[in-house]
Each structure stands twice: as structure tokens, then as C-alpha cells.
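Beneath this line is the structure, given in C-alpha cells, with notes to follow.
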Amino acid sequence: MDLRSLLRRTAMQRPAVLTVTLPGATEVRMAVEAEVRRRGWPVAGAPADADLLVVCGAPEPGGAEWLDGIQRSMPEPVVRIVVREAGQVAHVLDMACRGLADGAVTPGQADAGDQQETVVGEPGGHAHGGQHGHGDHAAHTGHEGHENHQPDDHAAHMDHMDHEDHAGHMDHMGHDMHAMGEVAGLPMAERGDDRDELRLDQLHVPIGPGLTDWPTGLILRLTLQGDVVQGVEVDHLPVPSGLRLPFWDEPWLRAARGEEVTRGSAARRRCAAHLDSVGRLLAVVGWDDAAARCRRLRDELLSGASREGISGDLRGALRKVERSRTLRWTVAGLGELPSSRARAVGATGPALAADGDAYDRLLMWLGEIGRGLDGLDDERPLTPDELTGPRGRLDGEQPPSQALLDILPELLTGAEFACARVIVASLDPDIEELALATVSGAAHV
């Protein structure tokens, strides 16, 4: 083995992981995040930086071409693994690590396009090689930041965080925003009038569903003129229907079925859901350390940490986020949603109660987490009529997240492209909820 191969094999012991989650696999996704964190493996923010593609959930037959595009964008050797059950994560990551190490030193590969895929969680699942050509990659969009920082220009402020508040800096919001194109590459631009009455190119850019720190399964088809969103179409990956309840709404839906569920377990799930949303929003604005802390606390809550054991660390994390002037300055004013408009589209949860912008919605999550801490150990039964999950009422005319999806075009139109992800993250719709149907005043799958 030559020195180059040895170094490559050593590097593959700590591969950079890119995780893509499909609707119905929230629990698997969190298990992957926790295991990757435990191993100290780096997390890739883009395919070009990744060695290992972890797909959480089962792709629809014939509907994974966009995953192939992401895989083709990754440097070789690359392994793609599909994990269907949370309990299999450690085993399959071990398999993937061995596959990467072997691929890094295999002499005389038959083709530069040889890539491995491991499918775990189905009868007869096994590792197998896959031939993937290197044609056009999945479309990418990237926009350079502005040179001059003006006080009211949010896009300009997305590049830097106050060192006093945050370690690190703001990642550019447009950088490595991976689009899922219906055809490879970006479409040709058209002409249209922009808000300054200039004739600018119109570019049709689909983003999602494989974007890092993006609501699972969400697809937005944007019409851009310059860096301004002029039109939005909302779509999503298929939502599996079956016996598995939407993960974040599970305690309330089980209680509606007549099962015995404690109020403490519901409070725990609500706090964890909001920590997951807060972590996603903080990651989008580039505060990675705080995002990682929120995700670690989320996992501790779901693992059964007591109120006494987690309260100090969790309240400290909440205070740090609440007191960040730079964070407030960065997201305030984005995605204004008055309660009257939220009510009109059927919103019933934090988006309605916040009665404001992205920062107000963040504060609403933080407040609900803080209040929920006191109820973590409550052993009283959750009653069947207590049907308000993390995103709203579960016994309404539509799932709570449907209202969040319905309002997205209105909130995003006219926003700068760099701010669109902040607005989306501040709503954080749960596509899994779309499998719910209302029956006799209670939500069921």
C-alpha cells in the first residue's frame, strides 16, 4: 500500500457525512445525527464535501433520481447507505466505513464511476456495487453576498455573526443551496419586470428536498429575478401512509386513540420538537455550535433525561439564544405573519401565537420549551381532548403543517433569496403531518 492510499484509508475512518431524510424517517434521522456526533465524524454541508451519503427512510420505487444526482456530485470513492430503522444506524455506519476504506485502496477499479450502495432495513438487504455515470449533476444555485452592508439589508448581514455572541461566522445563505432539478442543470433564464421596473432575467430554481437543514421532503420551485423571489410553488415528496404515526405528533395521536400517555411524555416530545426546529434555524443562519447544542439536548430529552438532570444546561442554552443581539438583528423583520393572517389560513400553533416575524416565532419556540421543562416528569394521563401538537391543533379541518405550507408563497414572494431559507426554517413545516386525516374530531392516520 503506497503512502497516498494509506492516507486516504486513514481519512475514511472519519468520513464526512451528508444526511438526506425522507418523510416518515424523522426518528431514523435523529438516530443518525446522534451516532455521527458520538463518533466525532464531520458533517458535510454539501455533496462536494461528503464521503458518505446516508439516506434515512425508504425511497419510493423509481423516485430516487434526485438522490442519484446528489451522489454523482460527491467525490469518489463514495458509499450511499439507506437506513430504515433507528436501531440499525450504528451497524450500517460501521459497514459504510469499511466500504469506504476498502474503496479508497482498491487497485485497478473497473470504472471511475463505480460506487457502492448499502441498503439496510429490508429483507435480504445487502451491500452491492452500483454503476453511476457522471453526466450532469443535480442543479446547484449560489449567489455571492453584497459588498456593502446596509442596516436594513438582511442578505448582506447573513455573512457574519458578532464574535462576542457566536464562535464562527455566518455562512452565506445562498452558498451550496442544492436544487432538485426536473432536468439536470439550471433552466434557461427568461425576461421579466422586477420591483425596480427593470427588465431582468427570470430564473426558475427548484430547491429541496435534499438540502441540508431543510424541512424533510419539502420542495420549493422559485422564480427569481436577480436575488429576489418573484414566485413560489410548493411541492413535497410522497408522504407514506400506514401504521406509523407522525413522530412529533405521536403522543397526542396515541391519546386520541385511547392509549395511555402521560402528560410528561407529551411535554418531552413538544420540547424536543421545538429544539429540533430551533437547531435547524440556528444552523441555517450559521450558528453551528448553538445548533449542535440544541440537537444534543433534544436527544437527551428523547432518551428520558430528568428535569433535574437537564434543566440547567437547557435553560442556559435558551438564555444564550434569547440574549443574542446579533441573532435578533439577523432574522428580525423576515417573514412577517400577523395573527389575523395566520388564522385566516388555518394556522393554530406557534406561528399563530407568535403574531410576528421569524424572530417572534423563534422566541415562541423558546418560550414553549422553557414552560415545558416543568412538566417533563408529570405522570398524569394525557386526555384524548388535548390534541395540540408542536405545530398546532391535530383535530382541525387540516393538518397543522398544511397551513404553514399554504402561507409560504405569500411570505417568500418579494423576499431576497438569501433570506428565503430563514423564513422557511422559522415555520419548519412537518411534511409527515400531511398523512393525517380528521375523523370524528380526532386526528388519525
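Note that the structure is a prediction, hence the values are computed from the model and not measured.
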Ionic contact status for R29 with D276, cut-off 4.0 Å: yes

- prompt: Hey, is CD on E259 packed in by over 12 heavy atoms from elsewhere, all under 6.0 Å?
  reply: yes

message: With salt bridge (charged side-chain N to carboxylate O under 4.0 Å, His left out) as the test, pick out the partner of E33 among R298, R39, R38.
response: R298

query: Can you check whether T383's main-chain N or O pairs, donor with acceptor, with E386's side chain at less than 3.5 Å?
result: yes

- request: Begin from the C-alpha positions of L411 and V232 and carry the test side chain to side chain contact (heavy atoms under 4.5 Å, CB included) through to its verdict.
  value: CA-CA 10 Å; L411 297 186; V232 182; over 6 Å; no

message: Would you say that more than 12 heavy atoms from the other residues, nucleotides or ligands in this model lie under 6.0 Å from the CD of E260, or not?
response: no

message: Strictly distance-based, threshold 3.5 Å: is any side-chain N or O of R270 a donor or acceptor partner for the main-chain N or O of T388?
response: yes

message: Distance check, rounded to the nearest 0.5 Å: R421 atom CZ versus L412 atom CG?
response: 12.5 Å

- prompt: What are the two closest heavy atoms between L382 and A266, and how far apart are they?
  reply: CD2-CB, 3.9 Å

- prompt: Once you round to the nearest 0.5 Å, how far does CG of D289 lie from NZ of K320?
  reply: 7.0 Å

field: side chain to side chain contact (heavy atoms under 4.5 Å, CB included) assessment of L352 paired with S339
entry: CA-CA 5 Å; L352 171 65; S339 58; 4.0 Å; yes

- prompt: Got a second to check how far C56's SG is from R84's CZ, nearest 0.5 Å?
  reply: 12.5 Å

statement: Separation between CG (L373) and CZ (R371), nearest 0.5 Å, reads 11.0 Å

- prompt: Do W66 and V20 come within less than 4.5 Å of each other through their side chains, counting heavy atoms only?
  reply: yes

query: Is the closest side-chain heavy-atom distance between L253 and L436 below 4.5 Å?
result: yes

task: Could you verify whether a donor N or O on one side chain and an acceptor N or O on the other, from S311 and R315, lie under 3.5 Å apart?
output: yes

statement: Heavy-atom nearest pair, D213 first then R280, reads O-CG, 3.6 Å

message: Tell me whether R391 is salt-bridged to D428, with the criterion being a basic N under 4.0 Å from an acidic carboxylate O.
response: yes

message: If you count every heavy atom of other residues, nucleotides or ligands that lies below 6.0 Å from E27 atom CD, does the total exceed 12?
response: no

message: Any carboxylate oxygen within less than 4.0 angstrom of a Lys/Arg side-chain nitrogen, looking at R268 and D377?
response: yes

- prompt: Heavy-atom distance under 4.5 Å between the side chains of W252 and P390, does that happen here?
  reply: yes

query: Which atom names give the shortest non-hydrogen contact between A403 and G346, and what distance separates them?
result: CB-C, 3.6 Å

query: Minimum heavy-atom separation for V278 to C294, with atom names?
result: CG1-SG, 3.9 Å

task: Answer yes or no: is there a side-chain heavy-atom contact under 4.5 Å between P240 and P23?
output: yes

- prompt: For the atom pair CD (Q398) and OG1 (T348), what is the distance rounded to the nearest 0.5 Å?
  reply: 8.5 Å

query: Between V239 and E433, is any pair of side-chain heavy atoms under 4.5 Å apart?
result: no

field: Lys/Arg-Asp/Glu bridge criterion (N-O < 4.0 Å) met for R244, E85
entry: yes

- prompt: Quick check: does any side chain N or O of R14 sit under 3.5 Å from a backbone N or O of G40, one acting as donor and the other as acceptor?
  reply: yes

- prompt: Between L301 and L376, does a side chain to side chain contact (heavy atoms under 4.5 Å, CB included) hold up when you go through it step by step?
  reply: CA-CA 9 Å; L301 277 173; L376 291 184; 3.6 Å; yes

query: Is there a donor-acceptor pair closer than 3.5 Å between any side-chain N or O of S401 and the backbone N or O of D430?
result: yes

query: Is any side-chain heavy atom of D360 closer than 4.5 Å to a side-chain heavy atom of D355?
result: no

task: Provide the closest heavy-atom pair for L100 versus P15 in the form atom of the first, atom of the second, distance.
output: CD1-CB, 3.6 Å

Validation row: V321, L318 side chains within 4.5 angstrom (heavy atoms): no

Closest heavy-atom pair and its distance - T21, T216: O-CG2, 3.4 Å

4.5 Å side-chain heavy-atom contact, R269 and L302: yes

- request: For R296 and D313, run side chain to side chain contact (heavy atoms under 4.5 Å, CB included): C-alpha distance rounded to whole Å, both residues' side-chain angles, the deciding distance at 0.1 Å, then the answer.
  value: CA-CA 11 Å; R296 175 180 57 79; D313 194 4; 3.0 Å; yes

field: Between NE2 on residue H91 and CG on residue L93, distance to nearest 0.5 Å
entry: 10.5 Å

